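What you are looking at is a predicted structure, and each value in this text was computed from that prediction instead of being measured. Numbers restart at 1 for each chain; the letters A, B, ... are given by sequence-line order, proteins then strands.
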Amino acid sequence: MHDIRTIRDNPDAFDAALARRGIAPLAAGLLARDAARRARILAAETAQADQNRASREAGAAKAAGDTAAFEALRTLVAEKKAEIARLTAEAEAEDAGLRAELMTIPNLPRADVPDGADEGGNLEIRHWGTPRTLGFAAREHFDIPGARPGFDFPAAAKLSGARFVVLRGALARLQRALAQYMLDLHTGAHGLTEMWTPVLVRSEAMEGTGQLPKFAEDSYQTTNGWWLVPTSEVTLTNLVAGEILEGAALPLRMTAHTQCFRSEAGSAGKDTTGMLRQHQFEKVEMVTICAPDQSRAEHERMTRCAEAVLEGLGLPYRTVVLCTGDMGFGAERTHDIEVWLPGQGRYREISSVSTCGDFQARRMNARFRPAGGGKPEFVHTLNGSGLAVGRTLIAVLENGQEEDGSITLPEALRPWLGGKGRIDASGALV
RNA sequence: GGAGAGGUGGCCGAGCGGUCGAAGGCGCACGCCUGGAAAGUGUGUAGGCGGGAAACCGCCUCGCGGGUUCGAAUCCCGCUCUCUCCGCCA
């Protein structure tokens, strides 16, 4: 959420930044609303101050035995009371209205984000690895002979419908191994704290990270009001909601492996075959809570943590910085990591690492007390996939496929695969 | 799901319907003391919003929301969360 005072101080800069995201100017409307709001607040508080004073004087008059004065003041308070009720209701309505509007406005892109209308404007900032030369026609993950027995889409359709998968045998094992490998890498070499969090959350949590109020249709809600998290960014980030952290304790770097649930509203027809885009999938997420002067370095660090997962698995990737038109709601800068998928012959997103500045912190009211003392300030929040486990499974299968239909698995996974290193053409882990 | 107890500042913990944003303690910060420290001692120490160039002033917050009252941390009602016991349960 944006700070109305910042907009007040520099409305042109606000509108200019919005324009980079293709949004029409909003500052004038917001400031008119803000002026009305403040006028109401002032009126309500002035009336309240009048009442408080009259009440004190009434008490004094009563103590002094001055009945006439007491009765007069009592009448005055009663009058003020009705006035206050009306004025505060108006003030609260204005305040809520302004806040509601601010809650729907996306974060502003940082100056170093490239302009662009869509993903065509993204810029590669680095790449790693070279796609194998296969010498045969690459298959997509669901078409590789060794993988086919492990994917049971008909069974998933029977249980749940489209965009679900049942994994069987070697593939179920492989997915588990991938998640364990990622968690161990992040908690070990990268020093993140492993967390385990709920996947059902209150609306407040979804508002804190920006999924609500604007994107309700993208998530699922239970009959009693809980939301299924679309990513554990929601739980990990909201851990600090409403808190005032000690500056010396920052940065907090966390990771969690959870199920994620997305309605995929609006992506009808996209990626309908295979398990690339599912309503339920696994993700190892990373979240960092830090001081404002730490967030740039933390963003780079987190990006490197995600890239390290792919490097450990020997999967070629490229990292792009998203242009203004392709960024998500809460981000001020995003790095997408795209893994090479031989079956599609192109790079596909496997991780998205964003720094949100104080955008989420304002929504959550998450602050820290600077190390040297002083007023609490809003923290900065960052989140990134490290990585999407299902998509990593796809990448491992497609990149490891052999002409005979078998699949060579990354060496790095052996500790979690009972020492085994390939899936044969019949689908057995050997 | 049933019964009971309880939510006060960074923490612990008092609080008669007004003088209470709140005693006291701990912690923390700064000073005194000291060769330096400890101990001792003094002072300070919540957040948000609004007005103001500033000094400063006002408003709100004792889990949340209502009510009673001239006046509520204190009385009443509802909700919520935590804890204990019972029930159920992976």
Side-chain angles (χ1 to χ4, degrees), chain A residues 1-9 30-103 196-205 207-208 222-227 235 238-250 252 258-259 289 291 358 361-379:
Chain A
M1 188 169 73
H2 296 287
D3 181 5
I4 188 65
R5 279 170 296 200
T6 305
I7 301 172
R8 215 184 284 155
D9 291 344
L30 289 166
L31 291 183
R33 204 158 193 164
D34 179 48
R37 162 183 161 270
R38 287 190 290 157
R40 306 281 186 189
I41 289 173
L42 184 59
E45 290 187 352
T46 303
Q48 185 70 59
D50 289 346
Q51 187 198 321
N52 290 347
R53 192 180 318 108
S55 284
R56 276 194 301 273
E57 290 168 3
K62 195 172 189 181
D66 187 344
T67 314
F70 173 70
E71 288 302 333
L73 287 163
R74 184 183 188 164
T75 307
L76 177 61
V77 169
E79 288 167 10
K80 282 290 169 189
K81 213 166 173 179
E83 186 185 345
I84 290 165
R86 178 175 56 79
L87 291 172
T88 53
E90 289 175 6
E92 281 167 16
E94 290 286 351
D95 193 54
L98 178 63
R99 180 179 170 83
E101 188 169 354
L102 287 171
M103 286 288 273
W196 190 92
T197 68
V199 295
L200 291 172
V201 299
R202 304 170 181 279
S203 293
E204 287 82 353
E207 286 164 6
T222 66
T223 52
N224 62 348
W226 282 320
W227 295 85
T235 48
N238 277 284
L239 285 171
V240 299
E243 303 287 334
I244 300 179
L245 306 167
E246 284 305 323
L250 302 178
L252 301 178
T258 67
Q259 303 287 327
I289 310 296
D358 63 10
R362 285 181 185 284
R363 294 172 156 251
M364 296 188 300
N365 193 25
R367 292 168 294 171
F368 75 102
R369 204 177 291 279
K375 288 281 180 192
E377 297 175 36
F378 288 112
V379 297

Trainee: Take A:N365 and A:A58, find for each the nucleotide of RNA chain B with the closest heavy atom, and name the residue whose nucleotide sits nearer the 5' end.
Mentor: A:N365
Trainee: Would you please name every residue forming a salt bridge (Lys or Arg N to Asp or Glu O under 4.0 Å) with A:R33, sequence neighbours left out?
Mentor: A:E101
Trainee: For B:G58 and B:C83, measure between their P atoms and round to the nearest Å.
Mentor: 42 Å
Trainee: Within this structure, what is the CZ-to-P distance between A:F378 and B:G47, rounded to whole angstrom?
Mentor: 13 Å
Trainee: Check side-chain hydrogen bond (donor to acceptor under 3.5 Å, both in side chains) between A:S55 and all other residues, then give those that pass, not counting sequence neighbours.
Mentor: none
Trainee: Quick one: A:L73 CG to B:U69 P, roughly how many Å, whole number?
Mentor: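 Taking CG of A:L73 and P of B:U69, I get 18 Å after rounding.
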Trainee: Using atom C1' in both nucleotides, what's the gap between B:G9 and B:G48 to the nearest angstrom?
Mentor: 15 Å
Trainee: Considering only residues two or more places apart or on different chains, which pairs with a residue in residues 51-69 of chain A satisfy salt bridge (Lys or Arg N to Asp or Glu O under 4.0 Å)?
Mentor: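 Of all non-adjacent pairs touching residues 51-69 of chain A, those that pass salt bridge (Lys or Arg N to Asp or Glu O under 4.0 Å) are A:D50-A:R53.
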Trainee: Is there a side-chain contact between A:L31 and A:I4 (heavy atoms, below 4.5 Å)?
Mentor: yes
Trainee: Give me the distance, rounded to whole Å, that separates B:A14 from B:C56 when you measure between the P atoms they each carry.
Mentor: 35 Å
Trainee: Identify whether any heavy atom of A:R40 sits under 4.0 Å from a base atom; if not, whether one sits that close to sugar-phosphate; answer base, sugar-phosphate or nothing.
Mentor: nothing
Trainee: With sequence neighbours left out, write down each residue that passes salt bridge (Lys or Arg N to Asp or Glu O under 4.0 Å) with A:E377, or none if nothing qualifies.
Mentor: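 For A:E377 there are no salt bridge (Lys or Arg N to Asp or Glu O under 4.0 Å) partners, ignoring immediate neighbours.
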Trainee: Look at the side-chain N and O atoms of A:R74 and state whether any lies under 4.0 Å from the OP1 or OP2 oxygen of B:U69.
Mentor: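 Checking B:U69 against A:R74, no side-chain N or O comes under 4.0 Å of OP1 or OP2.
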Trainee: Rounded to whole angstroms, how far apart are CG on A:D34 and C1' on B:C49?
Mentor: 12 Å
Trainee: Please give me every residue in residues 84-102 of chain A whose heavy atoms get under 4.0 Å of an atom in RNA chain B, ordered by residue number.
Mentor: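 Going residue by residue through residues 84-102 of chain A, none turns out to have a heavy atom under 4.0 Å of RNA chain B.
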Trainee: Say you pick atom P in B:C60 and the same atom in B:C77; how far apart are they, in whole Å?
Mentor: 25 Å
Trainee: Could you give the distance separating B:G13 and B:A90 at their P atoms, to the nearest angstrom?
Mentor: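 Roughly 38 Å separates the two P atoms.
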Trainee: Does the side chain of A:R37 get closer than 4.0 angstrom to OP1 or OP2 of B:C49 through an N or O atom?
Mentor: no
Trainee: Testing the basics here: between A:R362 and A:F378, what is the closest heavy-atom pair and its distance to 0.1 Å?
Mentor: NH1-CE1, 3.3 Å
Trainee: Determine the Euclidean distance between corresponding C1' atoms of B:G44 and B:G50; express it in Å to zero decimal places.
Mentor: 27 Å
Trainee: Tell me the closest heavy-atom pair linking A:V240 and A:A366, and the distance in Å.
Mentor: O-CB, 3.4 Å
Trainee: Expressed in whole Å, how much space separates the C1' atoms belonging to B:G4 and B:C89?
Mentor: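 The same atom, C1', in both gives a distance of 23 Å.
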Trainee: Using heavy atoms to find the nearest nucleotide of RNA chain B for A:I4 and A:K62 separately, return the residue whose nucleotide is more 5′.
Mentor: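 The 5'-side residue here is A:I4.
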Trainee: Quick check: closest heavy atoms across A:A291 and A:L250, and the distance to 0.1 Å?
Mentor: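 That closest heavy-atom pairing would be N-CD1, 3.8 Å.
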Trainee: Using atom P of each nucleotide, how far apart are B:A29 and B:C85 to the nearest Å?
Mentor: 40 Å
Trainee: When you compare the protein's N or O atoms with those of nucleotides 56-62 of chain B, which come within less than 3.5 Å of each other, and at what distance?
Mentor:
from, atom 1, to, atom 2, distance (Å)
B:G58, N2, A:E45, OE1, 2.7
B:G58, N2, A:E45, OE2, 3.3
B:C59, OP1, A:N52, ND2, 3.1

Trainee: Going by the rule salt bridge (Lys or Arg N to Asp or Glu O under 4.0 Å), which residues pair with A:D34 if we only count those two or more places apart in sequence or in a different chain?
Mentor: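 Result, salt bridge (Lys or Arg N to Asp or Glu O under 4.0 Å) vs A:D34: A:R8, A:R37, A:R38.
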Trainee: Filter on salt bridge (Lys or Arg N to Asp or Glu O under 4.0 Å), then keep only pairs touching residues 83-94 of chain A, sequence neighbours left out; what's left?
Mentor: A:R40-A:E90, A:K80-A:E83, A:R86-A:E90
Trainee: So what stems show up for RNA chain B if we need 3 or more Watson-Crick or G-U pairs in a row, all under 3.5 Å?
Mentor: B:1-7 with B:80-86, B:10-12 with B:24-26, B:27-32 with B:40-45, B:46-51 with B:56-61, B:63-67 with B:75-79
Trainee: Could you check if a side-chain atom of A:Q51 sits within less than 4.5 angstrom of a side-chain atom of A:I84, using non-hydrogen atoms only?
Mentor: yes
Trainee: So which heavy atom on A:L102 is nearest to which on A:H2, and how close?
Mentor: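 A:L102 and A:H2 have their closest heavy atoms at CD1-O, 3.8 Å.
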Trainee: Residues in salt bridge (Lys or Arg N to Asp or Glu O under 4.0 Å) with A:R74, at least two apart?
Mentor: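 Salt bridge (Lys or Arg N to Asp or Glu O under 4.0 Å) check on A:R74 returns A:E71.
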Trainee: Could you tell me which residues satisfy side-chain hydrogen bond (donor to acceptor under 3.5 Å, both in side chains) with A:W227, sequence neighbours excluded, listed by chain and number?
Mentor: A:S203
Trainee: Tabulate atom names and distances for all N/O pairs under 3.5 angstrom spanning the protein and nucleotides 72-82 of chain B.
Mentor:
none

Trainee: Provide the closest heavy-atom pair for A:A58 versus A:L73 in the form atom of the first, atom of the second, distance.
Mentor: N-CD1, 3.5 Å
Trainee: Ignoring the backbone of A:P376, work out which of B:G50, B:G18, B:G47 is nearest its side chain.
Mentor: B:G47
